[in-house]
Colleague: 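The structure under discussion is supplied below as structure tokens; questions concerning it will follow.
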Amino acid sequence: MMTKVLVMMPNNPGDVLMALQAIQSVWEIALQERVIEVHYLVDHECAGLVENSPLIHRAWIQPRALVVEQSKTNLNQGIQTTLEFLR
């Protein structure tokens, strides 16, 4: 069974790089065995950091304005907006 993980650290280059290192450190074996699939939500500014990474199955590029708007909403509404974007 494939486990899918969505990482959402969209707009700070340092955080994106640290998250990639954490993904590799924590899930390296699972990634090699193909039992986990990592998706990464990122804005246009940081997209180049995750696109074409062997760690990331798919990069979901989201406009910065939408990321900022989602951060102003309550948690449930933000999750719903994100799920709609990913469909």
Side-chain angles (χ1 to χ4, degrees):
M1 180 177 151
M2 175 72 67
T3 299
K4 295 182 181 183
V5 175
L6 175 62
V7 177
M8 297 171 52
M9 298 188 80
N11 57 7
N12 182 320
D15 289 344
V16 171
L17 291 174
M18 286 189 292
L20 288 172
Q21 181 62 44
I23 290 166
Q24 184 172 8
S25 297
V26 174
W27 291 320
E28 183 174 15
I29 294 171
L31 288 166
Q32 290 173 358
E33 294 177 358
R34 300 191 188 280
V35 295
I36 191 169
E37 185 176 275
V38 179
H39 295 246
Y40 205 116
L41 183 101
V42 67
D43 73 3
H44 288 97
E45 179 181 322
C46 295
L49 298 172
V50 297
E51 290 178 318
N52 302 316
S53 168
L55 303 172
I56 306 302
H57 179 76
R58 181 168 179 191
W60 298 86
I61 312 305
Q62 197 172 42
R64 181 179 284 265
L66 186 55
V67 172
V68 170
E69 185 60 33
Q70 286 177 354
S71 68
K72 294 178 183 177
T73 63
N74 69 46
L75 180 60
N76 289 333
Q77 186 178 359
I79 290 170
Q80 184 62 38
T81 302
T82 301
L83 290 174
E84 289 171 10
F85 173 78
L86 295 176
R87 288 191 184 125

Colleague: Taking all atoms of both residues into account, what is the closest heavy-atom pair of W60 and L6, and its distance?
Modeller: CD1-CD1, 4.4 Å

Colleague: Any donor and acceptor pair, going by atom type alone, linking the side chain of D15 with main-chain N or O of M18 inside 3.5 Å?
Modeller: no

Colleague: Kindly indicate whether the side chain of V42, heavy atoms from C-beta on, has any atom under 4.5 Å from the side chain of E51.
Modeller: no

Colleague: Check whether any side-chain heavy atom of Q24 sits under 4.5 Å from a side-chain heavy atom of L55, and report yes or no.
Modeller: yes

Colleague: Answer whether the closest heavy-atom distance between the side chains of I23 and V5 falls below 4.5 Å.
Modeller: no

Colleague: State, to 0.1 Å, how close G14 and N12 come at their nearest heavy-atom pair, and which atoms those are.
Modeller: N-OD1, 3.0 Å

Colleague: Might you point out which heavy atoms bring M2 and I36 nearest each other, and give the distance in Å?
Modeller: SD-C, 3.5 Å

Colleague: Could you give the distance from CZ (R58) to NE2 (H39), rounded to the nearest 0.5 Å?
Modeller: 8.0 Å

Colleague: Apply side-chain contact (heavy atoms from CB on, under 4.5 Å) to the pair E37 and T3, showing each step before the final yes or no.
Modeller: CA-CA 6 Å; E37 185 176 275; T3 299; over 6 Å; no

Colleague: Could you measure the distance from the CD atom of E28 to the CD atom of E33? Nearest 0.5 Å is fine.
Modeller: 11.0 Å

Colleague: Can you find a pair of side-chain heavy atoms, one from P13 and one from L49, that are under 4.5 Å apart?
Modeller: yes

Colleague: Test V38 against every option in I56, L20, V50 by the side chain to side chain contact (heavy atoms under 4.5 Å, CB included) rule and name the one that passes.
Modeller: I56

